[in-house]
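One structure is given here, and the rest of the page talks about it.
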Amino acid sequence: MDNKALRAKFSSLFGSAGDLYFSPGRINLIGEHTDYNGGFVLPGAIDKGMLAEIKVNGTDKIRAFALDLDEYAEFGTNEEDAPAQSWARYIFGVVREIIKRGGKVSGFDTVFSGDVPLGAGLSSSAALESAFAFALNEMFGNALPKFELAKIGQSTEHNYCGVKCGIMDQFASVFGKAGHLIRLDCRSLEYEYVPFDPKGYKLVLIDTCVKHELASSAYNKRRESCEAVVNAIKKRHPEVEYLRDASLDMLKEVAAEVTEEDYKRAEYVIEEIQRLLDACEALKQGDYETVGQKMYGTHHGMSKLYEVSCEELDYLNDIAAECGVTGSRVMGGGFGGCTINLVKEEKYDNFISTAKAKFAERFGKEPKVYPVNIGDGSRKLSE
């Protein structure tokens, strides 16, 4: 990321220098559509994110410049001061959520920029929220715990940006740790760092650059399917609150009482929660081949049982298997976006060139390629 351009813009706009803060985007190695089913996710912070230079300005106004968009916004800190620009609402939302929690925020100047590819499912918005939540907490001496900072980002999405997201993206951005993924229990919010140091392997995202329109309505339908199966199982097993509490045997018991579609959705989720737990055990043993098999299992489940893949993603997954890639799957909610791939270094160049050529031949455009490394979470930079 170009710190110099950001600092030069800050200086030209505001006449002096501020402090630099960074928050990363994230990947999720395995565990998709498990969050709203009370299960686990396995995200990690990456080495791409959002950088902000910030300085308290002694007024009650926030003066913000989005370097990548070349746009300026100015707004106050009260509820009625909400800015019109959607990017500025993320910053405004974070300010409001800190104030709602009894924290103090007054006017400040900021310029921010990001190298998280937009639309690739790497959570650029969570990185932006986390950068400001972390920075303003420190600069105004609010001493809110890190967990509260992640919740501030989530509440910003809910209350100011109209997105009912889970906690994973903001959590990974704030709590990220180099050389580790985070096994987050979406029900209890307990977490554990799991070692991830795949020597001899690379992690790379291949972006289809496709976004299918039915994503949000289809997502809601999947949630309803899961809830319908839980309600059926609950009649026999009252202790079952989420699919996380159910077994495949419990699912089989209610096969005649739920639709075939709902059955398939639940089968995927129950199996996916187990795959994630198995993958964590394999990571602790340094067994990346097993982790890779679990990733392929996730892709198959998302494509055939949960039906949230698409032709482009399935094609990339097939190419990965043909090229001997250790693990590959659709990452994120589905219906487009990226595959995440764990590739042995000696097979990497051939995989990338083959994927680009074959995808372009079939779909008329090259996919984008994003190599990623697992890094630390929100932090102040010395320079």
Side-chain angles (χ1 to χ4, degrees), residues 28-43 147 150-151 154 158 164-169 171-172 181-194 215-285 290-291 293-309 329-335:
N28 185 34
L29 190 73
I30 194 166
E32 225 61 82
H33 293 281
T34 48
D35 52 353
Y36 53 85
N37 286 297
F40 300 88
V41 288
L42 192 64
F147 222 119
K151 287 180 178 171
Q154 183 191 25
H158 289 193
K164 296 290 181 208
C165 65
I167 191 83
M168 172 175 76
D169 298 350
F171 186 91
L181 301 175
I182 313 164
R183 193 186 87 174
L184 174 63
D185 183 328
C186 296
R187 182 169 61 186
S188 68
L189 297 183
E190 292 172 327
Y191 67 96
E192 145 185 33
Y193 287 107
V194 177
S216 57
S217 60
Y219 171 85
N220 292 335
K221 271 196 75 179
R222 299 302 182 283
R223 288 192 74 145
E224 287 161 15
S225 287
C226 296
E227 286 159 13
V229 173
V230 167
N231 290 335
I233 292 174
K234 218 178 166 87
K235 290 171 189 163
R236 287 181 169 80
H237 303 278
E239 72 281 6
V240 171
E241 290 289 323
Y242 293 99
L243 281 179
R244 183 252 186 89
D245 306 315
S247 64
L248 288 173
D249 286 340
M250 289 178 189
L251 177 60
K252 285 171 190 160
E253 288 173 7
V254 300
E257 298 157 38
V258 298
T259 68
E260 186 184 347
E261 184 177 274
D262 289 355
Y263 185 96
K264 285 199 301 186
R265 307 296 187 243
E267 183 182 2
Y268 162 75
V269 171
I270 293 167
E271 289 177 347
E272 177 73 347
I273 289 168
Q274 190 55 53
R275 270 192 291 269
L276 183 144
L277 296 173
D278 293 343
C280 288
E281 287 311 306
L283 284 171
K284 289 172 186 174
Q285 308 302 319
T290 295
V291 172
Q293 289 164 17
K294 299 299 172 192
M295 290 168 71
Y296 277 112
T298 295
H299 187 88
H300 180 268
M302 286 183 77
S303 179
K304 304 296 182 277
L305 296 174
Y306 223 63
E307 296 181 279
V308 291
S309 189
R329 70 173 191 86
V330 47
M331 188 183 81
F335 305 109

For F40, does its backbone N or O pair with a side-chain atom of D185 as donor and acceptor, under 3.5 Å? no
Salt-bridge criterion met for K234 and E241 (N-O under 4.0 Å): yes
Decide yes or no for L29 and M295: does some side-chain heavy atom of the first lie under 4.5 Å from some side-chain heavy atom of the second? yes
Check ion pair K264-E261 (N to O, under 4.0 angstrom): no
Looking only at heavy atoms, which two atoms of L184 and M168 are closest? And how far apart? CD2-CA, 4.3 Å
Closest non-hydrogen atom pair between L243 and A266, with its separation: CD1-CA, 3.9 Å
Can any side-chain N or O of R222 pair as donor or acceptor with the backbone N or O of E307 at less than 3.5 Å? yes
Among R275, H299, R329, which one satisfies side chain to side chain donor-acceptor pair (under 3.5 Å) with E32? R329
Using modelled atom types and a 3.5 Å cut-off, is there a donor and acceptor pairing between side-chain atoms of T34 and backbone atoms of I273? no
Taking it one step at a time, do V269 and V229 satisfy side chain to side chain contact (heavy atoms under 4.5 Å, CB included)? CA-CA 11 Å; V269 171; V229 173; over 6 Å; no
Over all atoms of both residues, closest heavy-atom pair of V194 and C280: CG1-O, 4.0 Å
Taking ring-ring contact (aromatic ring centres under 6.0 Å, His included) as the definition, give me every residue that meets it alongside Y296, ordered by chain and number, with sequence neighbours left out. none
Quick check: are there more than 12 heavy atoms from other residues, nucleotides or ligands sitting under 6.0 Å from OH of Y242? no
Where at least one partner belongs to residues 250-269, residue pairs that pass ring-ring contact (aromatic ring centres under 6.0 Å, His included), sequence neighbours excluded: Y268-Y306
Nearest heavy-atom pair of N28 and P43: which atoms, and what distance? OD1-N, 3.3 Å
Donor-acceptor pair, distance only, cut-off 3.5 Å: does the side chain of R183 make one with the backbone of Y193? no
Are there over 12 heavy-atom neighbours, none belonging to E260, within less than 6.0 Å of that residue's CD? no
